[in-house]
2 protein chains.
Amino acid sequence: MTPTQTLLSNLAKPAQAFSKAEQKVADAILANPELTTRLSIARLAQSAAVSEPTVNRFCKRLGATGFPDFKLKLALSLASGARFINSAVAEDDTAPTFTPKIFNASIHALEKTRDSIDTQLIHRVIDEVVQSKRIYFFGQGNSGPVAQDAEFKFFRFNTPVSAHQDPLMQRMLAAAAKPGDLFVIISYTGRTIGLVETARLARDSLATVISITAPASPLARASDLAITLDVGEDTDEYLPMTSRLAQLTLLDVIATGVTLRQGQGHLTAPRAH
Amino acid sequence: MTPTQTLLSNLAKPAQAFSKAEQKVADAILANPELTTRLSIARLAQSAAVSEPTVNRFCKRLGATGFPDFKLKLALSLASGARFINSAVAEDDTAPTFTPKIFNASIHALEKTRDSIDTQLIHRVIDEVVQSKRIYFFGQGNSGPVAQDAEFKFFRFNTPVSAHQDPLMQRMLAAAAKPGDLFVIISYTGRTIGLVETARLARDSLATVISITAPASPLARASDLAITLDVGEDTDEYLPMTSRLAQLTLLDVIATGVTLRQGQGHLTAPRAH
DNA sequence: CGTATAAATGTATTTTTATTACATGTCTGT
DNA sequence: ACAGACATGTAATAAAAATACATTTATACG
């Protein structure tokens with residue numbers, strides 16, 4: 001998905017073994033990356049106080065075929081907000097520094113999701129939603145609020161809808177499911193045993209199960225349709241989960257799709273609170 | 001914010017009064033925009049079957065200073081998915097077209113929020129959170145799930161925390177508040193009378209009230225500290241609310257700030273479901 | 001319908017920009 | 001201190017883009 005946009009982050013990495021002159025080039029670029037994308041090799045060389053071939057070699061070392069290609073990749077990496085991505089929140093961060101980092105992490109998660117969504121699958125999910133007689137949104141833990149948010153969103157349609165966070169209640173509802181019921185199960189990991197069993201129960205009762213979960217997870221396999229979100233590893237110690245946002249937006253997409261399908265419009269319902 | 005990235009959309013617009021040769025150029029670019037960003041003016045001219053100066057003039061007509069600048073802007077507009085930005089969801093949209101639109105709207109909301117956040121205020125909010133003995137998150141309707149999400153997030157800290165969506169319960173808790181209690185009230189409009197009264201009640205009981213709400217709203221005025229989010233007008237008929245995402249991310253920011261302040265780390269708590 | 005005029009497009013040239021080849025310098029290890 | 005490798009710069013070459021200008025094509029008007 002996201003291509004070779006590690007450029008800027010590579011640049012900033014202190015681990016990079018740059019030679020003296022190359023470090024000067026890196027510094028000059030970092031001083032004003034935006035500007036650099038519009039500079040000629042001669043001007044950049046001048047502002048870094050090195051020769052033109054040094055700049056050229058620098059570009060090639062970073063994986064570009066030449067200076068113009070480098071500028072292109074730099075511009076791309078700037079556009080995608082990559083300057084903060086990968087930049088973990090550190091112990092010594094303060095509000096002005098970690099705030100944009102967290103927002104950028106969220107933005108990045110949405111961009112990644114946007115670029116990896118299978119729209120054909122979305123189409124089929126919308127089909128199922130439109131055809132269903134009853135919709136249940138299930139989520140546990142962090143995904144609970146997401147399910148509840150979905151309930152609010154889908155409340156506008158004619159189909160009865162409810163959200164449930166309690167595992168026991170989920171299980172009971174799944175066991176009592178009827179054909180025409182649609183269960184939308186939201187789980188980041190897709191490995192919560194209770195939810196997987198609930199999905200199986202619901203399918204055994206001939207209801208339809210759609211999950212929003214991790215690729216190749218047990219839950220995904222146990223579902224009729226699985227929208228898989230690979231938001232990223234959330235490896236970073238201080239960065240909070242961004243998966244919720246992707247899940248929420250995905251549900252926005254589905255709700256919008258249903259609205260359009262029904263041709264009756266009006267997601268512009270009252271918007272209190 | 002988002003700069004002059006209307007380039008691609010301008011290109012595709014049939015209304016554009018291009019001359020014959022220029023239309024050929026536009027077609028050639030549209031046929032493969034990605035590739036075009038790496039082409040020389042000579043090659044593009046060749047593939048469009050026009051002369052090089054025609055391409056150059058074409059670029060200038062579209063607001064670029066020349067061909068390289070044009071390529072740069074084109075690349076930027078591709079990277080940011082700008083082909084969909086500004087484009088409202090329309091009746092005849094299908095999954096492949098409205099999906100990126102909705103994601104872009106969400107991304108845009110986060111970008112806007114990121115760029116308008118008062119980090120000094122965030123700093124003070126973090127102070128309050130750290131000093132509090134007890135935290136309540138209140139939200140009604142669409143903000144209910146946000147409050148609940150916050151509860152999950154703040155659960156990791158030592159301070160007792162709970163989220164409440166029921167207006168009556170909110171009111172009761174506010175009336176029974178004690179100094180050292182912190183009420184975080186989330187409301188998009190900031191005009192829900194119940195919530196405003198709840199805020200007053202809590203302050204009368206000498207508790208601290210922080211709101212995440214609309215600028216210059218009654219709730220903002222009734223709070224000790226108000227983080228105001230002006231996400232935008234949500235004017236578009238089919239685009240769903242994006243404010244929740246901004247609220248959620250903002251709470252992420254605060255939680256991260258608290259974690260850093262406590263110097264004990266570990267937002268990397270178990271991440272099930 | 002033809003001519004004048006303006007607009008559009010192309011050709012040839014110049015200028016700018018990027019790359020390459022090669023020479024010089026600088027560091028490393030013995 | 002010196003051989004060798006590596007880094008950097010100088011100068012020449014090649015490529016790309018922009019410009020000036022010529023030619024063609026369209027348009028308006030008598």
Subject >> A:Asn56-A:Glu52 side chain donor-acceptor pair, cut-off 3.5 Å >> reply: no
Subject >> Any B:Lys60 side-chain nitrogen or oxygen under 4.0 Å from OP1 or OP2 of D:dT19 >> reply: yes
**OP:** Establish, from distance only, whether the side-chain atoms of B:Thr256 and B:Thr259 form a donor-acceptor pair under 3.5 Å.
**Re:** no
**OP:** Name the closest nucleotide to the A:Asn56 side chain, picking from D:dG9, D:dA17, C:dT19.
**Re:** C:dT19
Subject >> Electrostatic pair A:Asp252:B:Arg244 at N-O distance under 4.0 angstrom >> reply: yes
Original post:
Relative to the 5' end of DNA chain D, which residue comes earlier, B:Glu52 or B:Lys20, by the nucleotide with the nearest heavy atom?
Top reply: B:Glu52
Original post:
Of the residues in residues 36-44 of chain B, which ones touch DNA chain C at a heavy-atom distance under 4.0 Å?
Top reply: none
Original post:
From the list D:dT8, D:dA18, C:dT9, which nucleotide is the closest neighbour of the side chain of A:Arg57?
Top reply: D:dT8
Original post:
Is a side-chain N or O of B:Thr249 found less than 3.5 angstrom from the main chain of B:Ala246, in a donor-acceptor match?
Top reply: no
Original post:
OP1 or OP2 of D:dG9 sitting under 4.0 Å from any side-chain N/O of A:Thr54?
Top reply: yes
Original post:
Looking for any heavy atom pair under 4.0 Å, which part of the strands does B:Lys24 touch: base, sugar-phosphate only, or nothing?
Top reply: nothing
Original post:
Aromatic rings A:Phe70 and A:Phe67: how do their planes relate, parallel, tilted or perpendicular, breaks at 30° and 60°?
Top reply: parallel
Subject >> Among C:dT9, C:dA12, D:dT8, the nucleotide that comes nearest once only the side chain of A:Glu22 is considered >> reply: D:dT8
Subject >> Side-chain donor or acceptor of A:Lys71 paired with backbone N/O of A:Leu39 under 3.5 Å >> reply: yes
Original post:
What's the closest nucleotide to the B:Phe67 side chain, out of D:dA17, C:dT20, C:dA12?
Top reply: D:dA17
Original post:
Out of C:dG10, D:dA18, C:dA18, which has the shortest distance to the side chain of A:Pro68?
Top reply: C:dA18
